[in-house]
Number of protein chains: 2
Amino acid sequence: MERRAKDERIRQLQQVCRERGLALTAQRRAILRAVLDAQDHPTADRVHATLARRHVRVSRATVYRTLESLARLGLVSKACHPGSAVRYDRRIDRHHHLVCLRCDRVMDFSDERLDALPVPDTRRVGFVVEDLRVQLRGICRECREQEDEK
Amino acid sequence: MERRAKDERIRQLQQVCRERGLALTAQRRAILRAVLDAQDHPTADRVHATLARRHVRVSRATVYRTLESLARLGLVSKACHPGSAVRYDRRIDRHHHLVCLRCDRVMDFSDERLDALPVPDTRRVGFVVEDLRVQLRGICRECREQEDEK
DNA sequence: TTAAGTGCAAAAGCTTTGCGGGTAG
DNA sequence: CTACCCGCAAAGCTTTTGCACTTAA
């Protein structure tokens with residue numbers, strides 16, 4: 001993520017904290033920064049590892065708690081994932097995912113036509129839609145190459 | 001799921017096993033049946049609990065292993081989920097999900113226009129798409145009512 | 001007969017919680 | 001000063017693995 005956008009997000013964090021009377025701690029800033037720097041959809045544990053590599057000492061519990069808060073505040077999002085750990089996503093704008101059915105990897109994918117998709121009516125089930133994402137499910141290049149070898 | 005469709009899926013299991021030289025065990029049939037009976041997207045542990053309630057004794061390890069196989073064989077699918085456990089989905093046809101950003105629940109949603117969505121071109125990233133699903137992200141009725149109380 | 005599948009038990013991986021002490025506002 | 005937050009350590013889920021035994025084909 002570019003410097004600009006990252007700083008902007010940190011500023012959002014400041015603002016949201018002030019609005020809600022939450023404390024803006026060094027840990028929160030560091031954890032948000034680590035997610036923004038990740039290319040993929042890191043787990044809480046990977047965020048913790050990234051911070052450790054940077055010699056930022058934050059306890060695991062705090063990482064778990066903080067990521068949950070950041071997601072609730074809308075400063076990061078949760079990636080829906082076929083795997084067995086919560087994944088966080090620095091992207092909070094509309095975008096889409098390629099989901100590999102072999103290796104369970106999830107990659108970002110952008111497409112204007114998908115972005116323009118009108119939100120269907122879900123009032124009949126009492127659900128209020130805020131955004132949508134399309135999952136394209138299939139087989140990634142690496143998995144196909146592996147299977148071709150056989 | 002209706003009786004018909006369920007029996008059909010069990011028959012698919014038989015056929016796939018025969019084709020690939022896999023053993024068609026009582027456990028596999030029972031585990032598949034349990035997923036087909038679930039209304040939601042059960043975790044492996046919930047499938048295990050369902051079987052226990054039915055006095056079908058299968059070890060946890062077998063449930064985990066078998067669900068993974070069934071998904072790989074295409075007899076069930078994995079539901080992409082924001083939570084911290086793998087979720088299985090009896091539906092293998094095209095359908096969509098409502099994802100609640102408060103409680104992380106995922107509900108099925110059907111919509112013809114979404115079904116008709118053309119699959120975008122992903123060849124440039126070497127990814128072969130087999131199917132797509134749309135996630136409608138928002139707040140479910142229960143969570144909205146809870147927030148209104150405050 | 002035999003390759004594949006199962007159960008068990010232990011280990012590994014992921015997440016939450018309670019509580020005492022620390023700190024931003 | 002005082003909520004709110006953090007670190008720690010323990011407990012609680014979720015999943016995988018190695019191995020000996022069983023079973024479908």
Side-chain angles (χ1 to χ4, degrees), chain A residues 10 13-32 34-35 40-52 55-73 75-76 78-88 103-104, chain B residues 10 13-35 41-52 55-73 75-76 78-88 103-104:
Chain A
I10 304 277
L13 173 62
Q14 275 179 18
Q15 191 188 332
V16 171
C17 284
R18 207 173 309 137
E19 281 172 11
R20 308 216 186 189
L22 303 174
L24 179 57
T25 62
Q27 288 89 336
R28 283 188 185 162
R29 252 193 310 260
I31 290 166
L32 176 54
V35 176
D40 51 356
H41 306 134
T43 63
D45 206 62
R46 280 181 44 88
V47 170
H48 183 258
T50 299
L51 292 172
H55 306 291
V56 179
R57 293 178 54 76
V58 185
S59 76
R60 240 187 210 78
T62 295
V63 175
Y64 277 92
R65 278 187 291 232
T66 301
L67 287 171
E68 190 62 34
S69 307
L70 292 178
R72 195 131 313 211
L73 295 171
L75 291 162
V76 302
K78 281 191 184 185
C80 290
H81 221 270
S84 63
V86 179
R87 302 286 187 143
Y88 293 90
C103 65
D104 288 350
Chain B
I10 304 278
L13 172 62
Q14 276 178 18
Q15 191 188 332
V16 172
C17 285
R18 206 172 310 134
E19 281 172 11
R20 309 218 185 187
L22 305 174
L24 179 57
T25 63
Q27 287 90 333
R28 284 189 182 162
R29 252 193 311 260
I31 290 167
L32 176 54
R33 225 187 284 274
V35 175
H41 305 134
T43 63
D45 206 63
R46 281 180 44 88
V47 170
H48 183 258
T50 299
L51 292 171
H55 306 291
V56 178
R57 292 177 52 76
V58 185
S59 76
R60 240 187 209 77
T62 296
V63 174
Y64 278 92
R65 278 186 290 231
T66 302
L67 286 172
E68 190 60 35
S69 306
L70 291 178
R72 195 134 309 214
L73 295 171
L75 292 161
V76 303
K78 282 192 183 184
C80 289
H81 219 272
S84 62
V86 179
R87 302 284 186 144
Y88 293 90
C103 66
D104 288 351

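Each chain gets a letter, A, B and so on, in the order its sequence line appears, and its residues count up from 1. What's counted below: heavy atoms across the whole structure, side chains too, no hydrogens, waters or symmetry copies.
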Problem - Non-hydrogen atoms of B:V56 and B:A30 that approach each other most closely - result: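 Reported closest heavy-atom pair: CG1-CB, 4.0 Å.
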Practice task
Just jot down the side-chain hydrogen bond (donor to acceptor under 3.5 Å, both in side chains) partners of A:R72, sequence neighbours excluded, or say none.
Solution key: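 side-chain hydrogen bond (donor to acceptor under 3.5 Å, both in side chains) list for A:R72, sorted by chain: A:E68.
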Practice task
Taking side-chain hydrogen bond (donor to acceptor under 3.5 Å, both in side chains) as the test, write out the residues that go with A:D45, two or more places apart.
Solution key: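 Result, side-chain hydrogen bond (donor to acceptor under 3.5 Å, both in side chains) vs A:D45: A:R60.
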Handout entry: Five-pair end axes of the helix from C:dT1-D:dA25 to C:dG25-D:dC1, angle between them (10°)
Key =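 One end axis against the other gives 50°.
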Exercise for the section: Name every residue in residues 14-22 of chain B that has at least one heavy atom under 4.0 Å from any atom of DNA chain D, in order of residue number, or write none if there are no such residues. Expected result: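 Going residue by residue through residues 14-22 of chain B, none turns out to have a heavy atom under 4.0 Å of DNA chain D.
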Practice task
Enumerate the residues from residues 61-71 of chain B whose closest heavy atom to DNA chain D is under 4.0 Å, giving them by residue number; use none for an empty result.
Solution key: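 Residues of residues 61-71 of chain B under 4.0 Å from DNA chain D: B:A61, B:Y64, B:R65.
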Once side-chain contact (heavy atoms from CB on, under 4.5 Å) is applied, do any residues pair with [X], and if so which ones, sequence neighbours excluded?
| X | result |
| --- | --- |
| B:A34 | B:V47, B:T50, B:L51, B:R54 |
| A:R65 | A:A61, A:T62 |
| A:A71 | A:V76, A:K78, A:Y88 |
| B:H81 | B:R87, B:V106 |

Exercise for the section: At the 4.0 Å heavy-atom cut-off to chain B, mark where contacts on DNA chain D begin and end, going 5' to 3'. Expected result: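 Endpoints of the contacted stretch of DNA chain D: D:dT14 to D:dA25.
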Problem - Residue whose closest nucleotide on DNA chain D lies nearer the 5' end, A:G83 versus B:L24 - result: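 By nearest-heavy-atom nucleotide position, the 5'-most residue is A:G83.
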Handout entry: Nearest-Å distance for atom pair NE2/P, residues A:H48 and C:dT15
Key =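 Atom NE2 in A:H48 sits about 13 Å away from atom P in C:dT15.
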Problem - Between P of C:dA4 and CD of B:Q27, the distance in whole Å - result: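 Atom-to-atom, B:Q27 to C:dA4, this comes out as 17 Å.
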Practice task
Let me see the working for A:L32 and A:R29 under side-chain contact (heavy atoms from CB on, under 4.5 Å), right down to the final yes or no.
Solution key: CA-CA 5 Å; A:L32 176 54; A:R29 252 193 310 260; 5.9 Å; no
Problem - Distance (rounded to the nearest 0.5 Å) between B:L67 CG and B:I31 CD1 - result: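 Going from the CG atom of B:L67 to the CD1 atom of B:I31 covers 6.0 Å.
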Exercise for the section: Establish, with yes or no, whether the OP1 or OP2 oxygen of C:dG5 is under 4.0 angstrom from a side-chain nitrogen or oxygen of B:R28. Expected result: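 True: B:R28 side-chain N/O within range (under 4.0 Å) of C:dG5 OP1/OP2.
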Check residues 13-27 of chain B and write down every donor-acceptor pair under 3.5 Å in which the side-chain atom is one partner and the other belongs to a residue at least two apart or another chain.
from: B:Q15; atom 1: NE2; to: B:E19; atom 2: OE2; distance (Å): 3.0
from: B:T25; atom 1: OG1; to: B:R28; atom 2: N; distance (Å): 3.2

Handout entry: Residue met sooner reading DNA chain C from 5', once A:A85 and B:S59 are mapped to nucleotides
Key =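 Going by which nucleotide is closer to the 5' end, it is B:S59.
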